[in-house]
Amino acid sequence: MKGEALPSPFAEAVLDLVARIPSGKVMTYGDVAGCLAMGGPRAVGTVMARYGGGVPWHRVLRAGGYPPDGHEVEARKRYRSEGTPMRGDRVDLDLARWTPSQDHLGSQE
DNA sequence: GGAATGACGATAA
DNA sequence: ATTATCGCCATTC
């Protein structure tokens, strides 16, 4: 049975979404909240800080393309490893931003 | 039930 | 560019 700690529904939704972000792609806190159509960037960050340890947290960054505070060094190594499109010290959101809907789409539109 | 918190976002100076 | 302030929202005390 499930004896796991059961986080709030909102936390589950956030973790579930972040867990399926493909390698080399990223989402901002605001995008996650918008995609879930609930909460806000602040609430998403709160969840990530509490339960983000089980998901690719480095694929969630701030609006400007900067990784979460205090984890910049750790995240940067992963971006380089996953080939995340970067623009200097920050991730290029124009190329790396991802949304679940485009997952099955081609690169055309 | 209410106040405080936090891996945010945008704007002002 | 950097620092400060306000608004937003779910979780926690």
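Chain letters run A, B, ... following the sequence lines, proteins first, then strands; residues in each count from 1. Just so you know, these numbers come straight off a predicted model, no measurement behind them.
When the nearest nucleotides of DNA chain C are assigned to A/A11 and A/Y66 by heavy-atom distance, the more 5′-ward of the two goes with A/Y66.
For A/D69 and B/dG6, the CG to P distance is 13 Å, given to the nearest whole Å. Atom CZ of A/R90 and atom P of C/dA1 are 8 Å apart (whole Å). Nucleotide C/dA10 holds its C1' atom 13 Å from the CG atom of A/L15, rounded to whole Å. What separates CE of A/M48 from C1' of B/dT5 is a distance of 18 Å, to the nearest Å. Between the CD1 atom of A/I21 and the C1' atom of B/dA7 there is a distance of 13 Å, rounded to whole Å. One can place NE2 of A/H71 at 13 Å from P of B/dG6, the figure rounded to the nearest angstrom. What separates CG of A/L36 from P of C/dC8 is a distance of 20 Å, to the nearest Å.
In the set B/dA7, B/dG6, C/dA10, C/dA10 carries the atom at the smallest distance from any side-chain atom of A/A43. Out of B/dG9, B/dA7, C/dT12, the shortest distance to the side chain of A/T28 is found at B/dG9. Nearest nucleotide to the A/W57 side chain, out of B/dG9, C/dT12, B/dA7: B/dA7. With B/dG6, B/dG9, B/dA7 as the candidates, the nucleotide lying closest to the side chain of A/T46 is B/dG6. Taking the side chain of A/P41 as heavy atoms from C-beta on, and the options B/dG9, C/dT12, B/dA7, the nearest nucleotide is B/dG9. The side chain of A/R62 has B/dG9 as its nearest neighbour among B/dA7, C/dT12, B/dG9.
The residue A/G70 sits apart from the nucleic acid: no heavy atom pair falls under 4.0 Å. Within the 4.0 angstrom heavy-atom criterion, only backbone atoms of the sugar-phosphate kind lie near A/A63; the bases stay farther away. Using a 4.0 Å heavy-atom criterion, one finds that A/Y29 contacts the bases of the nucleic acid, with or without backbone contacts as well.
A/R87 has its side chain within reach of A/D94: a pair of non-hydrogen atoms, C-beta onward, lies under 4.5 Å apart. The side-chain heavy atoms of A/D31 and A/V26, taken from C-beta on, include no pair separated by under 4.5 Å. Looking at A/I21 and A/V60, their side chains come closer than 4.5 Å, going by heavy atoms from C-beta outward.
A pairwise comparison of heavy atoms in A/H58 and A/Y79 identifies O-OH, 2.6 Å as the closest pair. Taking every heavy atom of both residues into account, A/P100 and A/C35 meet most closely at CD-SG, 3.5 Å.
Between A/R50 and the phosphate of B/dT5, there is no side-chain N or O to OP1/OP2 separation shorter than 4.0 Å.
A/R62 places no side-chain N or O within donor-acceptor distance of the main-chain N or O of A/P67, the cut-off being under 3.5 Å. With A/Y29 contributing its side chain and A/P68 its backbone, the two residues share no donor-acceptor pair below 3.5 Å.
A/E82 has no carboxylate O lying under 4.0 Å from a charged side-chain N of A/K25, or vice versa, which leaves the two without a salt bridge.
Of the residues in residues 74-85 of chain A, none lies under 4.0 Å from DNA chain B by heavy-atom distance.
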